[in-house]
Amino acid sequence: MTDVRQVVHELLAQLGSSREAQQYLKEFSGTNQARFAVVKVGGGILRDHLDELTSALAFLHRLGLIPVVLHGAGPQLDRALADAGIETKRRDGLRVTTEAVMSVARPLMYKENLRLVEALEDKGIRARSIQHGVFQCSFLDQGNLGLVGEVEQVELNAVESAVRRGAVPVLTCLGESPSGQVLNINADIATRELVWALQPHKVIFLSPAGGLLDRQDRIISAVSLTNDYEALMQQPWVHSGMRLKLQQINEMLQKLPDSTSVSITSAAHLTRELFTYRGAGTLVRKGEAINVYEKPDSNTLDTVITLVEKSFERSLRTGWFESLNKPLVL
Ligand code: ARG
């Protein structure tokens with residue numbers, strides 16, 4: 001009982017109006033349980049914001065929403081490789097993974113994975129570590145990249161079983177070749193593959209920056225790919241990291257239903273992003289095309305009138321649209 005009261009308390013303290021929160025809670029609970037959300041957590045968040053992260057995830061769990069979590073460990077690995085005196089190179093943004101690199105990467109991934117699982121359990125919720133068996137890979141380019149995997153198939157059994165048992169699945173971005181060789185997968189690529197297989201309602205990228213930034217370093221609240229993508233990609237202030245992120249999100253959303261949206265936010269703002277209209281971060285959707293009709297034909301006009309009347313459950317005065325004398329923007 002105290003638990004429930006605490007949840008409601010936290011919710012009201014963090015959120016705008018409880019009506020908004022209720023509406024989103026209903027929306028998110030309406031999907032198949034394993035398909036609520038995929039949350040990608042960068043290594044930097046595990047290192048610096050573990051408590052905020054686990055509080056936000058535990059909060060979702062208490063509301064009956066079980067996110068599927070996938071994490072990287074990039075900064076930790078850079079550090080560990082430097083400490084071990086092992087050179088680390090990147091090609092086209094991918095880490096060249098020699099056997100020496102893998103000998104450091106693999107135990108480090110396991111360690112970070114367990115750290116997150118234990119931190120979630122410390123918040124009193126169930127979590128399940130899934131370190132293997134999800135991403136079945138071939139070698140992407142063994143000659144140039146070494147032990148880097150190209151995802152061939154995503155096996156969801158372990159993920160779905162965890163969710164059925166009420167445990168938050170916590171995945172690493174390691175895969176295996178058919179013969180069992182452990183392969184490294186770029187965390188954003190692993191996220192994309194997982195998302196394509198799972199088709200979740202929300203995809204959430206957690207980063208310390210808390211969203212995509214405009215030229216004054218303010219968070220861009222929303223991006224509609226249909227309307228904004230080309231223009232954004234032309235902007236000189238969109239730096240390479242953000243360009244890549246936008247490209248990846250664009251590619252990812254093209255293979256998902258229109259109802260799926262991507263949120264980029266920070267661990268501390270996740271709850272506000274999910275349960276308010278305004279959110280706190282960047283929301284990316286495929287978006288609908290906007291059409292301008294200087295002189296709408298009667299079919300278009302009829303469609304619009306029917307829609308408006310249905311939405312407001314009232315009848316429009318005859319000739320109202322015709323008398324407007326303005327282009328119709330749909
Ligand atoms: N709560 C809604 C969602 O998560 C809307 C979020 C709006 N966020 C924004 N950055 N504009 O889907």
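Just follow the structure's listing: the first ligand is 1, and inside any ligand the first atom is 1.
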Return a yes/no value for Gly281: is any of its N or O atoms, backbone included, closer than 3.5 angstrom to an N or O of ligand 1?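 There is such a contact, yes.
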Would you say Leu274 and ligand 1 have an N/O pair spaced under 3.5 Å apart?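 Yes: some nitrogen or oxygen of Leu274 is under 3.5 Å from one in ligand 1.
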For Phe36, does the six-membered ring have the charged nitrogen or CZ of Lys202 within the cation-pi criterion, i.e. under 6.0 angstrom from the centroid and within 45° of the normal?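 Verdict for Phe36: no cation-pi partner in Lys202.
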With a cut-off of 4.0 Å, which atoms of ligand 1 are near a heavy atom of Leu283?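 By the 4.0 Å cutoff, the relevant atoms are 7 (C), 8 (N), 9 (C), 10 (N), 11 (N).
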On a heavy-atom basis, I'd like to know which of Glu273, Lys202, Glu27 is closest to atom 8 (N) of ligand 1.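 Of the listed residues, Glu273 has the closest heavy atom.
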I need the contact type for Tyr277 against ligand 1. Using non-hydrogen atoms and a strict under-4.0 Å cut-off, is it side chain, backbone, both or neither?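 The backbone, only.
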Region of Thr276 that comes within reach of ligand 1 [heavy atoms, distance under 4.0 Å]: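 Contact part for Thr276 vs ligand 1: backbone (N, CA, C, O).
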Is Trp196 reachable from Leu225 through a run of I, L, V, M, F, W or Y residues, each pair having side-chain heavy atoms under 4.5 Å apart?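 They do share one cluster, since a chain of ILVMFWY contacts under 4.5 Å joins Leu225 to Trp196.
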Tyr24 ring center within less than 6.0 Å of Phe275 ring center: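 Centroid separation for Phe275 and Tyr24: 6.0 Å or greater.
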Nearest non-hydrogen partners of Met242 and Leu213, listed with the distance: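 Looking at all heavy atoms of both residues, the shortest contact is SD-O, 3.6 Å.
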N-O pairing of Glu160 and Arg35 below 4.0 Å: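 A salt bridge links Glu160 with Arg35.
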